[in-house]
Protein chains: 2
Amino acid sequence: MRTVRRLRKETDGEHSVSVIAALGSLNSHGPLTLSELADAEGMSRPSVTVLAAALLDHGLIAKEADPSDRRLVRIHLTPSGKRVLDQSRTRRNAFLAKRLGTLNVEELRTLDRAASILLRLVETSR
Amino acid sequence: MRTVRRLRKETDGEHSVSVIAALGSLNSHGPLTLSELADAEGMSRPSVTVLAAALLDHGLIAKEADPSDRRLVRIHLTPSGKRVLDQSRTRRNAFLAKRLGTLNVEELRTLDRAASILLRLVETSR
DNA sequence: TAAGCTAATTAGTATGGCTAACCAGTTTGG
DNA sequence: CCAAACTGGTTAGCCATACTAATTAGCTTA
């Protein structure tokens, strides 16, 4: 919890962690339906509807209808959204670099391995 | 974020992550003033006031005045609070055990080392 | 002893998520 | 082939959790 609060503060202005996370999913998975995004982010469909509306509002994503199934709304990053994501990464990296600079190579490697393991745990969780 | 949302859901009813975290701080550090707790949890004093009021309401902590400085409010775990903390750990451990069971010893060791490193990072942050 | 500092609180606000209920499409079984 | 059931998305209403700004009480110091 401490870490989350800390990171939220460090992200500072601009865009929330959830927004950046959603952009990240879209970036790595390509276009997604809202349900797919909800699933990827581990949040409810209604919440994603709201989040997507905000992203659309800021011009970070675009919606497109699926021609074969008119219930589906597929969204994808706009160039602007990609830019925001990249900038956020740069800013976040600057912060992390400062903090992680106090670690030695062995410790960094441990964190890297741990990240892979945790990612796998989360991915396979239902 | 995914992990946080997941854990929040998994903690299920009973008490929130923040509550348990606060109880944990009190358990490991002993009695704390509200400001000290705010500092330990990385949250603002007003937020801690509210949190502490909730804990008091549930009988998980007790307040005591500092005789030498009457501005200070020192809080400590009640037996009931200790019990809740222990139960939460048991429940959380059951969940983690199920999930971590899929990892081998080497991976578990990596996570353990990573946890120490991250804890150190957070502790030394500001 | 007044001025200023610190601890805690109160009040008001924002964010970010949820469930329940609903509508619009699609699929399926009689 | 059409009614029932299901699925994707949305809307409405709500709750939890945290914040900042302002206030109060107590302490410290010039």
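Here is how names work: the chains are called A, B, and so on, in the same order as the sequence lines, proteins then strands, and each is numbered from 1.
- Between Leu51(A) atom CG and dC18(C) atom P the separation is 11 Å, expressed in whole Å.
- Counting only residues at least two apart or in different chains, salt bridge (charged side-chain N to carboxylate O under 4.0 Å, His left out) contacts with residues 103-118 of chain A comprise Glu107(A)-Arg120(B).
- Separating the CG atom of Leu37(A) from the C1' atom of dG16(C) is a distance of 15 Å, rounded to the nearest angstrom.
- The nearest whole Å value for the distance from the CE atom in Met43(B) to the P atom in dA16(D) is 15 Å.
- Phosphate contact (OP1/OP2 of dG16(C), side-chain N/O of Ser18(A), threshold under 4.0 Å): absent.
- A straight line from CD1 of Ile75(B) to P of dA7(C) spans 15 Å, rounded to a whole angstrom.
- Counting only residues at least two apart or on different chains, no salt bridge (charged side-chain N to carboxylate O under 4.0 Å, His left out) pair has a member in residues 43-62 of chain A.
- In terms of the salt bridge (Lys or Arg N to Asp or Glu O under 4.0 Å) criterion, Lys63(B) has no residue partners (sequence neighbours excluded).
- Distances shorter than 4.0 Å separate some side-chain N or O of Ser16(A) from OP1 or OP2 on dG16(C).
- When side chains are defined from C-beta on, Val84(A) counts as touching Ile20(A), because their heavy atoms get closer than 4.5 Å.
- With sequence neighbours excluded, the residues satisfying salt bridge (Lys or Arg N to Asp or Glu O under 4.0 Å) with Arg71(B) are Asp69(B).
- In this structure His76(B) satisfies the ring pair (Phe, Tyr, Trp, His ring centres under 6.0 Å) test with no other residue, sequence neighbours excluded.
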message: Can you build the contact string for nucleotides 2-12 of chain D? Use B for base contact, S for sugar-phosphate-only contact, and - for no protein heavy atom under 4.0 Å.
response: -----BBSBB-
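- The interatomic distance linking Ile20(B) (CD1) with dT17(D) (P) rounds to 11 Å, in whole Å.
- Taking atom CG on Asp66(B) and atom P on dT6(C), their separation rounds to 17 Å, with Å as the unit.
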